[in-house]
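Right, one structure below, let's go through it.
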Amino acid sequence: MTSAAAPTPPPTPATEKSMEEIVSLCKRRGFIFPASEIYGGINGFWDYGPLGAALKRNLREAWWRDCVMTPPTGPDGKPVRIVPVDSCIIQNPRVWQASGHVGGFNDPMVDCKETKARYRADHLSTVSNGGDFDPDRICVFINGDDKSRKRAVDRLEKHLRYENVPINTPLRRSDFLSFDWNKFGACIVGPDTDKPGTLTEARAFNLMFKTYVGANATEDDVAYLRPETAQGIFINFKNVVDTMRVKVPFGIAQVGKAFRNEVTPRNFTFRSREFEQMEIEFFCHPDQAKEWYIFWRDWRMAWWHSVGLTSENLRLREHDCDELAHYAKAGAGTSDIEYRFPFTAPDFGELEGVADRSTYDLTQHETESKSKLQFFDQERGEIAKNGQPKGEWFTPNVIEPSAGLDRGTLAVLCEAFTPDPERPSKVFMRFHPRLAPIKAAVFPLVNKDGMPEVAEKLHAELLARFGHLGAIEFDVKQSIGKRYARMDEAGCPFCFTIDGDTLTDQTVTMRDRDTASQERMNIDNVCDFVADKLQV
RNA sequence: GCGGGCGUAGUUCAGUGGUAGAACGUCAGCCUUCCAAGCUGAAUGUCGCCGGUUCGAGUCCGGUCGCCCGCUCCA
């Protein structure tokens with residue numbers, strides 16, 4: 001009955017957490033299940049169980065509230081303006097033409113049957129004996145790789161000498177994709193082998209899921225499930241500007257599902273084929289791109305800290321120039337906010353990308369759609385005779401903080417997972433109270449002597465005040481220790497226990513999840529205590 | 001897509017070609033005044049799935065699906 005303020009234990013290093021145990025706990029306690037499990041599952045898809053759905057919702061709500069409903073103050077000292085949209089998963093296919101996904105998501109790949117190597121076909125070139133006659137041998141090399149090129153040339157010359165084929169014209173370099181595969185496939189030698197004919201024909205790996213709109217299902221009816229939510233924002237830019245009285249700088253936010261037919265889904269929910277994104281496309285004048293980029297990068301980083309991810313497991317990584325995506329080449333930069341997952345540790349995996357997409361997307365859609373996607377700023381431009389600025393048309397620059405909700409949820413799960421051999425449960429989930437699926441639990445110490453009745457009353461009060469934020473548990477079954485242990489694995493931060501003393505002095509025990517310590521407080525103060533901890 | 005490993009109860013795992021098992025968890029009852037206590041009982045399995053060999057397959061063989069690891073990939 002003491003209030004022994006036990007110190008909060010230090011976080012467990014990511015390298016000491018077992019992903020297998022985390023996956024197993026997620027299954028056992030109803031956080032995450034394999035999708036379609038009773039039919040043998042489906043590669044790259046996961047379902048959230050009751051606790052997982054609540055956890056994910058809490059993370060989504062936290063993002064929504066902090067980014068959209070009560071956004072931060074910007075670098076200009078003014079409150080940031082963000083408006084939401086909710087766009088369709090299926091759009092006119094021209095959207096993906098303009099965005100570059102139809103081209104960019106179609107990387108033809110080539111496999112070598114001999115060496116098991118795989119190459120991007122557009123990264124390969126060939127050398128052959130030139131001229132108009134059919135080549136006897138075509139040697140392939142990797143673009144930009146001098147060693148690979150030299151090897152291909154050496155091999156070709158050796159072969160031609162050996163076969164006594166006269167070299168009438170200089171060796172000819174060609175694009176790998178330009179050959180008639182039926183005719184020349186058998187004489188192509190891969191970059192890492194001496195045997196001809198081991199390369200497969202280039203096959204396209206289309207990362208977009210394809211479907212058909214309407215009943216005909218012809219090639220004219222092809223549509224795609226969106227591979228990112230961002231384009232749904234860009235194509236609504238004009239509608240938002242025309243209807244919402246917004247002025248640049250402002251942002252449009254969206255949370256929603258996106259789909260990518262990943263070659264190799266891996267690492268639990270980290271790379272799945274159906275996933276949820278939380279994105280802001282922030283529009284600003286190109287002159288201010290740099291400062292807004294830095295602002296969002298740093299503020300998003302701080303946000304992930306605020307939901308409980310610790311500094312040692314979070315880092316900001318600026319992309320190198322050669323790493324930049326096509327849409328970000330002209331921008332001020334791209335950063336990844338990365339988390340040290342147990343399966344990447346000691347390395348990190350991407351949680352959120354913050355990119356300066358420059359004017360790429362709006363320009364692309366303006367060209368493709370022939371709609372004017374620019375903004376008229378009346379406060380810019382040269383000063384007219386009347387002393388007022390003439391105004392200026394410009395294509396806004398886009399800063400994009402794009403976060404993965406499933407990855408965020410996984411990071412929160414991994415961060416929370418805390419092995420503790422001293423506890424009956426051997427492990428507890430240290431969720432930030434704001435994210436915890438179960439906010440509080442009320443237990444009568446024993447199921448008699450009027451304790452259940454008092455507990456039920458407290459439970460009802462907590463439910464009325466906090467039920468919209470998460471579950472409030474009530475349990476009278478079995479021993480108190482077992483009930484605490486269950487709450488440890490579910491990550492419930494506070495348990496309130498009604499005992500014999502409660503009936504006489506109106507005090508209850510608050511059992512703290514992280515320290516397993518107990519503190520007595522008046523039953524009337526319980527709600528305020530919880531409100532304080534939940535930051536509401 | 002390639003190579004390796006693994007699929008048996010909710011979980012972790014035993015299981016020699018011959019009746020489907022354990023521990024923990026779950027549920028019910030009793031008991032219990034603070035950390036998975038105890039007692040009594042119960043439910044839970046197409047042994048991932050499909051086929052083959054066999055008198056007989058969880059066990060052997062083939063295929064397939066899924067998970068993990070390494071490649072490859074991740075505009």
Side-chain angles (χ1 to χ4, degrees), chain A residues 1-2 18-21 23-30 33-46 49 96 99-107 109-120 122-123 200 203 205-208 227-228 230 260-268 270-273 323-329 334 343 349-350 353 355 357 360 420 422-428 443-449 451 476-489 495-503 508-513 515-518 520:
Chain A
M1 306 311 116
T2 58
S18 149
M19 208 52 215
E20 278 177 40
E21 283 176 33
V23 172
S24 159
L25 180 134
C26 282
K27 174 78 196 297
R28 195 172 71 242
R29 303 254 53 137
F33 307 131
S36 313
E37 194 184 10
I38 61 171
Y39 290 102
I42 175 165
N43 194 359
F45 297 87
W46 300 89
W96 312 113
S99 69
H101 285 88
V102 169
F105 262 45
N106 264 299
D107 293 333
M109 305 294 296
V110 177
D111 289 319
C112 177
K113 288 180 272 192
E114 181 80 4
T115 64
K116 308 299 180 196
R118 168 173 287 183
Y119 312 95
R120 262 178 71 167
D122 59 329
H123 287 176
T200 64
R203 287 171 295 188
F205 282 78
N206 191 340
L207 264 58
M208 282 198 291
E228 63 174 29
R260 291 183 195 178
N261 205 353
E262 297 287 355
V263 176
T264 313
R266 221 19 104 76
N267 291 326
F268 202 25
F270 182 77
R271 183 180 298 145
S272 39
R273 290 180 163 141
E323 237 185 306
L324 293 175
H326 61 87
Y327 56 71
K329 291 252 191 283
T334 297
F343 50 81
E350 184 187 348
R357 298 179 72 122
Y360 181 85
D420 182 355
E422 302 298 309
R423 296 193 186 212
S425 57
K426 307 292 182 229
V427 63
F428 66 105
F443 302 141
L445 185 58
V446 290
N447 194 15
K448 61 179 185 184
D449 297 343
M451 294 178 207
V476 302
K477 296 284 188 182
Q478 298 163 319
S479 72
I480 191 72
K482 187 171 272 198
R483 285 175 272 166
Y484 286 156
R486 272 196 283 250
M487 287 303 100
D488 275 349
E489 280 197 337
C495 297
F496 298 95
T497 301
I498 279 68
D499 60 17
D501 292 346
T502 312
L503 306 171
V508 301
T509 301
M510 187 284 295
R511 187 261 190 189
D512 182 85
R513 175 197 64 201
T515 61
S517 65
Q518 302 189 347
R520 268 203 102 75

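In what follows, every chain begins at residue 1, and chains take the letters A, B, ... in the order their sequences are listed.
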Looking at [Y], is its backbone amide N or carbonyl O close enough to the side chain of [X] to form a donor-acceptor pair, meaning the two atoms are under 3.5 Å apart?
| X | Y | value |
| --- | --- | --- |
| A:S18 | A:E21 | yes |
| A:R483 | A:L445 | yes |
| A:R273 | A:E262 | yes |

Nucleotide nearest [X] (side chain, heavy atoms from C-beta), chosen from [options]:
| X | options | value |
| --- | --- | --- |
| A:F343 | B:rC35, B:rC69, B:rU11 | B:rC69 |
| A:S24 | B:rG25, B:rC34, B:rU12 | B:rU12 |
| A:P424 | B:rA36, B:rU11, B:rA75 | B:rA36 |
| A:D449 | B:rC34, B:rU33, B:rA36 | B:rU33 |
| A:K482 | B:rG10, B:rU33, B:rG25 | B:rG25 |
| A:H101 | B:rC34, B:rC74, B:rA75 | B:rA75 |
| A:E489 | B:rC34, B:rU32, B:rA36 | B:rA36 |
| A:L445 | B:rC34, B:rA75, B:rA37 | B:rC34 |
| A:R486 | B:rC27, B:rA37, B:rC35 | B:rC27 |

Q. Taking OP1 and OP2 of B:rA28, is either one under 4.0 Å from a side-chain nitrogen or oxygen of A:Q478?
A. no
Q) Phosphate oxygens OP1/OP2 of B:rA37: is one of them under 4.0 Å from a side-chain N or O of A:S479? A) yes
[atom1]-based separation of [M] from [N] [nearest Å]:
| N | M | atom1 | result |
| --- | --- | --- | --- |
| B:rG7 | B:rU12 | P | 12 Å |
| B:rA22 | B:rA28 | C1' | 23 Å |
| B:rU53 | B:rA43 | C1' | 37 Å |
| B:rG66 | B:rA57 | C1' | 22 Å |
| B:rC27 | B:rU44 | C1' | 10 Å |
| B:rC60 | B:rC6 | P | 11 Å |
| B:rU54 | B:rG18 | C1' | 12 Å |
| B:rU19 | B:rG5 | C1' | 32 Å |

Please name the nucleotide paired to [N] by Watson-Crick or G-U wobble geometry with both distances under 3.5 Å, or report none.
| N | answer |
| --- | --- |
| B:rG17 | none |
| B:rC71 | B:rG1 |
| B:rG38 | B:rC30 |
| B:rA9 | none |
| B:rC60 | B:rG52 |
| B:rU44 | none |

Rounded to the nearest Å, what distance is computed from the [atom1] atom of residue [X] to the [atom2] atom of nucleotide [N]?
| X | N | atom1 | atom2 | value |
| --- | --- | --- | --- | --- |
| A:K27 | B:rU11 | NZ | P | 4 Å |
| A:F428 | B:rA36 | CZ | P | 16 Å |
| A:R29 | B:rG10 | CZ | P | 15 Å |
| A:R483 | B:rG25 | CZ | P | 15 Å |
| A:L503 | B:rU33 | CG | P | 14 Å |
| A:K426 | B:rC35 | NZ | C1' | 12 Å |
| A:R28 | B:rA36 | CZ | P | 16 Å |
| A:L25 | B:rC24 | CG | C1' | 14 Å |

Within the modelled atom types, does a donor on one side and an acceptor on the other bring the side chain of [X] and the base of [N] under 3.5 Å apart?
| X | N | value |
| --- | --- | --- |
| A:Y39 | B:rC49 | no |
| A:R423 | B:rC35 | no |
| A:E262 | B:rC74 | no |

(Q) Please enumerate all residues that pass salt bridge (Lys or Arg N to Asp or Glu O under 4.0 Å) together with A:D420, with sequence neighbours excluded. (A) A:R423
(Q) My understanding is that only residues two or more places apart in sequence, or in another chain, count here; which of them pass salt bridge (Lys or Arg N to Asp or Glu O under 4.0 Å) with A:R271? (A) none
Q: Between A:R273 and A:E37, just flag the one whose closest nucleotide in RNA chain B comes earlier from the 5' side.
A: A:E37
**Q.** Residue whose nearest RNA chain B nucleotide is more 5′ - A:K448 or A:D512
**A.** A:K448
Check every strand shown and say whether [X] touches a base, only sugar-phosphate, or nothing at a heavy-atom separation below 4.0 Å.
| X | value |
| --- | --- |
| A:K477 | sugar-phosphate |
| A:R511 | base |
| A:N267 | sugar-phosphate |
| A:F268 | sugar-phosphate |
| A:M451 | base |
| A:R266 | base |
| A:G349 | nothing |
| A:E21 | nothing |

Q) Which is it for A:F270 and A:F343 under the ring pair (Phe, Tyr, Trp, His ring centres under 6.0 Å) test, yes or no, and what are the steps along the way? A) CA-CA 10 Å; A:F270 182 77; A:F343 50 81; 5.5 Å; yes
Q: Output the distance between atom CG (A:L503) and atom CG (A:D449), rounded to the nearest 0.5 Å.
A: 7.5 Å
**Q.** Note, A:V508 side chain near A:M510 side chain (heavy atom, < 4.5 Å)
**A.** no
Q. Should the ring pair A:F443 and A:Y484 be called parallel, tilted or perpendicular, given that the plane angle runs from 0 to 90° and is split at 30 and 60?
A. tilted
